[in-house]
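Numbering of ligands and ligand atoms starts at 1, following listing order. One is the number of the first residue; the rest follow in order along the sequence. Note that the structure is predicted; figures quoted are calculated from it, not measured.
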Amino acid sequence: MITQSIKELLVTEPNEQMVTVQGWVRNKRGNKQVNFIALNDGSTINNIQIVVDVENFGEESLKRVTTGAALSVTGMLVPSAGSGQACEVIAKELAVLGEADPETYPIQPKKHSLEFLREVAHLRMRTNLFGAIFRMRNAMAFAIHKYFNEHGFVYWNSPLITASDCEGAGEMFRVTTFDPKNPPLNEDGSVDYKQDFFGKATNLTVSGQLEGELGAMALGKIYTFGPTFRAENSNTSRHLSEFWMIEPEMAFYDLKDNMDLVEDFLKYLLQYALDNCMDDLQFLSKRLQEEEKNKKAEERTMELVEKIRFVLQNDFVRLTYTEAIDILKNSKPNKSGKFKYPVNEWGVDLQSEHERYLVEKHFKKPVILIDYPKEIKAFYMKQNPDGKTVAAMDVLFPQIGEIVGGSQREENYDKLVARMNEMGIPMEGMQYYLDTRRYGSATHSGFGLGFERLLLFVTGMTNIRDVIPFPRCPKNAEF
Ligand code: 4AD
Ligand code: MG
């Protein structure tokens, strides 16, 4: 049966009209005369209250109404006597569609730890917290498509199965139909992938960028939004083996245009969250404050809504890697040995502790860091005239560190080939990519936004496994 959602009902003028609601019991309380059921259908963080006359329905049959049970209720929509809600439903008919045995149902109306909820990730979206997180995830996905649609970008789909390694880090999941015990071998003992399903060695993509560039060099401005896979063995709270990435790519954009776009884009998404997700944001904000109430004042993060407004209202700081290294070298935590990775010399890769120092302590604003040493960045980045740096661009956010990685691309054929040779990247299978530099090459740029990192920021959650329904990470592919 299609009925009005609880979200809609809660803003409907109550005048004793008959309505039907369907949802899951969050909580039941009351006495021998009357029961109050908090019903939720996932459309909103808010429950609708169902008022039940115990005598009418029988004490025995109401025993089946326990937390987690699915109900269909028909009754009268009336103004609520209690505070906190505008209306409630006086039940006339109540059907238990599916029971949830309280002896075994893991989600009970009490505080569960995030670790426990990860173990029952197939049910955790029935909690207020995960309902809010996944509605935010939906809202942000919609806002991303909306932004690009309003700005003349074409939605583009790069393949998930590919033979190339965009980031050159070799952190790929192999795709094969070979029998693992008995793959065909070449004479030298290596596996003969020519006999494999695709006639070559293939893997799951680590980024849609390379094929995105092909699209941009025809359609002007494109963006991808899809899953990417990295067999990186990092068990951190900011890494997933399967994560979603948004990768716009724009012909005729240089690094400055790229920076302007990323700042405008991120601010649009944050504004969208404030305009459309306030109920969930306020819930998440309260949770965060509750979580942090035992921390020292200086260790607490800014209130969630305030933090989002703060990023929105400030210009992002733009500075070069070289300037950042100077700041870090002379910083207090570096001098007093507080950094796990000391910053001694130009050329070192930045760790998240350094990124967060710049953003949270030094500038107290999001930072766009550009012009990194070429040694620590991918082969496709535009080589700067200094011969040492490339036109890279990382966006650093408070609590997150790197949220976006991007660059202007090397559009010169000879320079690109030279860099690939230097880095030992095989040309075989890359001719398609090099063709964009042979035919109608032009300045172009793009970036990748990690969708789950954005969600960490807007939900205030601290573990990336809690902002994707079914996280994939080393030693974990449950559900
Ligand atoms: O910096 P990355 O590796 O850049 C690229 O993949 C480029 N090809 C993007 C481009 O220019 N089109 O990744 C981009 C972003 C990171 O800034 C981070 O937010 C996210 O993707 N990311 C991850 N998120 C979760 N788990 C992981 N293992 C991630 N690795 C990167
Ligand atoms: Mg990066």
Side-chain angles (χ1 to χ4, degrees), residues 137 140 144 148 153 156 158 162 164-173 204-216 221-250 253 255 258-259 261-262 265-266 269 321 349-352 354-355 359 366-370 372-373 376-382 390-397 399-410 433 444-458 461 463-468 471-474 476:
R137 189 176 165 106
M140 288 296 92
I144 287 162
F148 286 126
F153 284 67
W156 175 260
S158 289
T162 170
S164 46
D165 176 9
C166 174
E167 295 306 302
E171 294 163 335
M172 295 167 305
F173 292 101
L204 293 176
T205 190
V206 297
S207 157
Q209 178 195 323
L210 299 186
E211 298 87 350
E213 286 186 48
L214 312 181
K221 296 192 285 187
I222 62 93
Y223 72 104
T224 69
F225 186 173
T228 42
F229 308 88
R230 295 193 187 179
E232 181 180 13
N233 201 4
S234 38
N235 247 315
T236 79
S237 56
R238 305 176 323 125
H239 288 88
L240 289 165
S241 313
E242 176 182 295
F243 65 98
W244 288 65
M245 186 156 49
I246 298 95
E247 293 185 277
E249 192 70 34
M250 299 74 63
Y253 271 48
L255 188 65
N258 208 16
M259 287 194 274
L261 177 73
V262 78
F265 172 56
L266 289 171
L269 300 182
Y321 167 92
D349 204 356
L350 297 186
Q351 306 296 326
S352 83
H354 309 136
E355 296 169 343
V359 172
V367 170
I368 309 181
L369 213 54
I370 59 166
Y372 282 72
I376 57 172
K377 289 291 180 188
F379 73 95
Y380 50 70
M381 296 191 181
K382 173 85 183 158
V390 286
M393 161 189 108
D394 278 9
V395 181
L396 315 178
F397 258 36
Q399 276 95 57
I400 310 295
E402 179 190 338
I403 192 167
V404 167
S407 74
Q408 186 174 327
R409 318 304 189 190
E410 181 54 76
Y433 182 68
H444 63 290
S445 298
F447 61 82
L449 166 66
F451 189 44
E452 286 77 18
R453 299 244 178 121
L454 170 74
L455 288 168
L456 283 177
F457 184 74
V458 293
M461 299 301 289
N463 192 319
I464 200 161
R465 294 165 205 210
D466 294 331
V467 295
I468 185 165
R472 274 28 187 154
C473 32
N476 180 26

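- A salt bridge is defined here as a Lys NZ or Arg NE, NH1 or NH2 lying under 4.0 Å from an Asp or Glu carboxylate O, and Glu452 with Arg465 fails to meet this definition.
- Remark: ligand 1 and Glu247 share an N or O pair separated by less than 3.5 Å (distance only, no angle test).
- By the 30° and 60° cut-offs, the orientation of the rings of Tyr433 relative to Phe379 is perpendicular.
- Of all the listed residues (Gln209, Arg238, Arg230, Glu232), Arg230 holds the heavy atom that lies closest to atom 6 (O) of ligand 1.
- Not a single heavy atom of Tyr223 sits closer than 4.0 Å to an atom of ligand 1.
- Across all non-hydrogen atoms, the minimal contact from Arg230 to Val206 is NH2-O, 2.9 Å.
- Looking at ligand 1, you won't find any N or O of Glu249 less than 3.5 Å from one of its N or O atoms.
- By the criterion of a separation under 2.8 Å, the protein N/O/S atoms near the Mg ion (ligand 2) amount to Glu402 OE2.
- Counting atoms of ligand 1 from 1 in the listed order, those under 4.0 Å from a heavy atom of Ser207 are 6 (O), 8 (N).
- When only non-hydrogen protein atoms are considered, atom 20 (C) of ligand 1 lies nearest to Gly450 CA, 3.6 Å.
- The shortest N or O to N or O distance between Leu240 and ligand 1 is under 3.5 Å.
- At under 3.5 Å, a nitrogen or oxygen of Ile403, whether backbone or side chain, sits near a nitrogen or oxygen of ligand 1.
- With sequence neighbours excluded, the residues forming a side-chain contact (heavy atoms from CB on, under 4.5 Å) with Ser158 are Trp156, Glu211, Thr224, listed by chain and number.
- Counting heavy atoms closer than 4.0 Å to ligand 1, residue Arg409 contributes side-chain atoms (C-beta onward) but none from N, CA, C or O.
- Within ligand 1, the atoms closer than 4.0 Å to a non-hydrogen atom of Val404 are 17 (O), numbered from 1 in the order shown.
- Taking any N or O of Gly405, backbone or side chain, at least one lies under 3.5 Å from an N or O belonging to ligand 1.
- Between Phe229 and Phe173, the ring center distance fails the sub-6.0 Å criterion.
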